[in-house]
Amino acid sequence: MSETTPPVDLVSAASTRGPLVLEARELSKDFRIGYGPRGAILSAVRAVSLGLHRRAVVALVGESGSGKSTVAKLLAGQESPTSGEILLDGERVRPSARRSFRRYKSEVQMVFQDPFASINPVHKVRYPLQRALRLHQRELGREAVAAELARLLEEVRLTPPEHFLGRYPHELSGGQRQRVAIARALAVKPRVLLADEPVSMLDVSIRLEVLDVIDQLRDRFELAVLYITHDIASARYFADETLVMYAGEIVERGPSEDLTQQPAHPYTQLLLAAAPDPDRLGVRVEDPVRRGAAQAASALSTTIGCRFSPRCPFADERCRTQSPPLRRIAPQRAAACWRLDVAAPDLVIEGYQERSPPVTA
């Protein structure tokens with residue numbers, strides 16, 4: 001896709017929050033498994049497009065192995081895409097250009113899933129925060145650095161700061177370590193925060209508190225946030241827009257509230273069935289869909305048609321031979337399914353036609 005590709009006509013639910021900051025267009029990532037004649041190419045991400053807007057949270061939801069973390073690594077510059085492009089403020093990111101990519105890394109920061117492994121255990125808390133400041137804010141003097149360290153810990157609710165700066169990671173709880181990781185990301189003053197399952201390894205009692213910290217920081221610093229999770233219920237309460245990912249592809253997207261209240265794609269229905277929500281009124285997952293979950297195939301399927309077809313109770317011959325494109329089903333919603341009339345008969349699909357153009361970004 002060229003850099004002059006016009007914007008898609010699907011209106012992102014996150015766009016009402018602020019302007020577009022980071023955009024991915026048709027990102028794909030292939031990995032080679034094995035060598036020689038027995039080797040194979042694994043398509044971990046296939047033509048994924050998304051946009052992150054200032055002050056907005058976009059959730060990327062899917063089961064383990066669906067490609068969520070690979071998307072985050074592509075956006076963070078830790079992996080190079082096989083095809084597609086990443087744009088920051090409308091300009092294509094070129095990892096080969098060292099100076100511009102260094103600027104990109106200061107704009108886009110990532111919080112990893114495991115707070116036990118993301119911080120070096122041989123250094124005190126002061127070290128990773130101070131190192132980030134020295135690398136990206138070199139103009140700061142000693143006193144300014146000390147003040148900034150205290151401010152960062154206060155921002156993530158680790159108070160008093162002097163109580164934590166001199167401690168080793170093993171002396172902190174999982175939630176405290178994750179907040180240190182968030183503070184390290186904030187140290188470079190980014191505009192985009194990629195949160196890769198930031199609470200999945202934390203105790204249930206403190207997950208909401210850490211998400212609340214991220215939410216307040218998003219509002220305070222006008223961050224564009226990508227929230228990666230397998231918990232679609234938390235996405236409803238935390239994100240403006242939710243993108244559902246299966247086997248490397250986006251199969252449904254839309255405003256979080258609408259998508260969780262009236263899921264269109266059978267896979268989204270399965271995710272909601274696995275994470276029941278008492279506030280999700282009026283949503284009933286049919287028995288055939290539940291039975292499809294018991295017939296689970298590998299998410300790394302090499303199916304020619306729809307990758308979900310081996311698990312879908314509604315699949316027909318067309319599903320098994322033709323891959324459905326992501327098509328607009330409402331101004332802010334899209335789904336990739338040939339059988340929406342059967343999978344979601346109660347959903348009012350505005351303007352959906354067989355000939356409707358596929359969503360490309």
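The side-chain heavy atoms of D240 and T16, taken from C-beta on, include no pair separated by under 4.5 Å. When side chains are defined from C-beta on, V71 counts as touching L60, because their heavy atoms get closer than 4.5 Å. Residues E85 and E26 form no side-chain contact, since every pair of their non-hydrogen atoms from C-beta on lies 4.5 Å or further apart. Between V192 and V225 the shortest side-chain heavy-atom distance does not fall below 4.5 Å. The closest side-chain heavy-atom distance from P115 to L202 is below 4.5 Å. The shortest distance between side-chain heavy atoms of P160 and E162 falls below 4.5 Å. Between C337 and P324 there is no side-chain heavy-atom pair separated by less than 4.5 Å. Contact of the R236 side chain with the I232 side chain is not registered, since no non-hydrogen atoms from C-beta on lie closer than 4.5 Å.
To the nearest 0.5 Å, atoms CZ (R184) and CD (Q109) are separated by 8.5 Å. Note that the CZ atom of R307 and the OG atom of S66 stand 11.0 Å from one another [nearest 0.5 Å]. In this structure, H136 NE2 and L133 CG are separated by 9.5 Å, a value rounded to the nearest 0.5 Å. A distance of 9.5 Å separates CG in L272 from CD in Q261, rounded to the nearest 0.5 Å. The distance from atom CZ of R253 to atom CZ of R328, rounded to the nearest 0.5 Å, is 12.0 Å. In this structure, the separation between CG on L194 and CD1 on I228 is 7.0 Å, given to the nearest 0.5 Å.
In terms of the side chain to side chain donor-acceptor pair (under 3.5 Å) criterion, R54 has no residue partners (sequence neighbours excluded). Scanning for side chain to side chain donor-acceptor pair (under 3.5 Å) contacts around S69 gives D196, with sequence neighbours left out. Shown here are the side chain to side chain donor-acceptor pair (under 3.5 Å) partners of D258, two or more places apart in sequence or in another chain: there are none. When the ring-ring contact (aromatic ring centres under 6.0 Å, His included) test is applied to H123, the partners found at least two apart in sequence or on another chain are Y127. In this structure, the ring-ring contact (aromatic ring centres under 6.0 Å, His included) partners of F238, at least two apart in sequence or on a different chain, are Y227. Contacts of F112 classified as ring-ring contact (aromatic ring centres under 6.0 Å, His included), with partners at least two apart in sequence or in another chain: none.
In terms of heavy atoms, P169 sits closest to I119 at CG-CG2, 3.7 Å. Of all heavy-atom pairs spanning L88 and Y104, the tightest one is CD2-CD1, 3.7 Å. Heavy-atom minimum distance, A185 versus L193: CB-CD1, 3.9 Å. The minimum heavy-atom distance between V125 and F164, with the atom names listed, is CB-O, 3.3 Å. For L172 against V180, the heavy-atom pair with the smallest separation is CD1-CG2, 4.0 Å. The two residues A24 and L75 come nearest to each other via the heavy atoms CB-CD2, 3.9 Å.
Between the side chain of H53 and the backbone N or O of A224 there is no donor-acceptor pair closer than 3.5 Å. The backbone N or O of D30 lies less than 3.5 Å from no partner atom in the side chain of S43, so there is not a single donor-acceptor pair. Judged purely by atom type and a 3.5 angstrom limit, S28 uses its side chain to pair as donor or acceptor with the backbone of A47. K29 contributes no side-chain N or O that, together with a main-chain N or O of T70, makes up a donor-acceptor pair within less than 3.5 Å. No donor-acceptor distance shorter than 3.5 angstrom exists from the side chain of T268 to the backbone of A264, with no hydrogens or angles considered. No donor-acceptor pair closer than 3.5 Å links the side chain of R177 to the backbone N or O of F116. When atom types are taken as modelled, the side chain of R25 and the backbone of G84 share no donor-acceptor pair closer than 3.5 angstrom. Between the side chain of E252 and the main chain of T242, no donor-acceptor pair closer than 3.5 Å is present. Side-chain atoms of E107 never come within 3.5 Å of backbone atoms of R103 as a donor-acceptor pair (strictly under, hydrogens ignored).
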Practice item. Start with the C-alpha gap between E241 and S12, add the side-chain angles, then the distance that decides, and say whether side chain to side chain donor-acceptor pair (under 3.5 Å) holds. Key: CA-CA 7 Å; E241 182 181 30; S12 170; 2.8 Å; yes

Review point. Can E222 and R218 be said to form a side chain to side chain contact (heavy atoms under 4.5 Å, CB included), step by step?
Key: CA-CA 5 Å; E222 299 187 336; R218 181 266 309 169; over 6 Å; no

Practice item. Under the side chain to side chain contact (heavy atoms under 4.5 Å, CB included) rule, what do L149 and R126 come out as? Steps first, then yes or no, please. Key: CA-CA 8 Å; L149 290 177; R126 179 188 307 274; 4.0 Å; yes

Point to revise | side chain to side chain contact (heavy atoms under 4.5 Å, CB included) assessment of Q78 paired with M110 | key: CA-CA 10 Å; Q78 296 181 354; M110 187 169 176; 4.3 Å; yes

Exercise for review: Take R333 and Q262, measure what side chain to side chain donor-acceptor pair (under 3.5 Å) needs, and give me the verdict at the end.
Suggested key: CA-CA 11 Å; R333 295 194 62 179; Q262 289 187 301; 5.1 Å; no

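For the 3.5 Å distance criterion, the side chains of T229 and E197 fail to qualify, holding no donor opposite an acceptor. Between the side chains of Q113 and S200, a donor-acceptor pair is found at a separation under 3.5 Å. A side-chain N or O of D203 and one of S205 form a donor-acceptor pair less than 3.5 Å apart. Side-chain atoms of Q176 and R157 include no donor-acceptor pair closer than 3.5 Å.
Residues L217 and V108 do not share a hydrophobic cluster, clusters being chains of Ile/Leu/Val/Met/Phe/Trp/Tyr side chains in contact below 4.5 Å. Follow the hydrophobic side-chain contacts under 4.5 Å out from L243 and you reach V21 in the same cluster. Both V213 and I206 belong to a common hydrophobic cluster when Ile, Leu, Val, Met, Phe, Trp and Tyr are linked at side-chain heavy-atom distances under 4.5 angstrom. In the hydrophobic clustering of ILVMFWY residues, with side-chain heavy atoms under 4.5 Å counting as a link, L50 and V111 come out apart.
Heavy-atom neighbours of R32 CZ from other residues, nucleotides or ligands within 6.0 Å: above the threshold of 12. Crowding of K105 atom NZ: a count of heavy atoms from other residues, nucleotides or ligands under 6.0 Å exceeding 12. Residue-environment remark: CG (L208) stays at or below the threshold of 12 foreign heavy atoms within 6.0 Å.
The residues E63 and R311 are annotated as salt-bridged, a charged nitrogen and a carboxylate oxygen being separated by less than 4.0 angstrom. Between E154 and R151 no salt bridge is recorded (no basic side-chain N to carboxylate O distance below 4.0 Å). At a threshold of 4.0 Å, the pair R92-E23 does not count as salt-bridged, since none of the basic side-chain nitrogens sits closer than that to a carboxylate oxygen. For the pair R220 and E155, the salt-bridge criterion is met [side-chain N within less than 4.0 Å of a carboxylate O]. The pair R339-D316 meets the salt-bridge criterion, with a side-chain N (NZ, NE, NH1 or NH2) lying under 4.0 Å from an Asp/Glu carboxylate O.
The ring-ring contact (aromatic ring centres under 6.0 Å, His included) test with F308 singles out one residue from F314, Y246, W338, and that residue is Y246.
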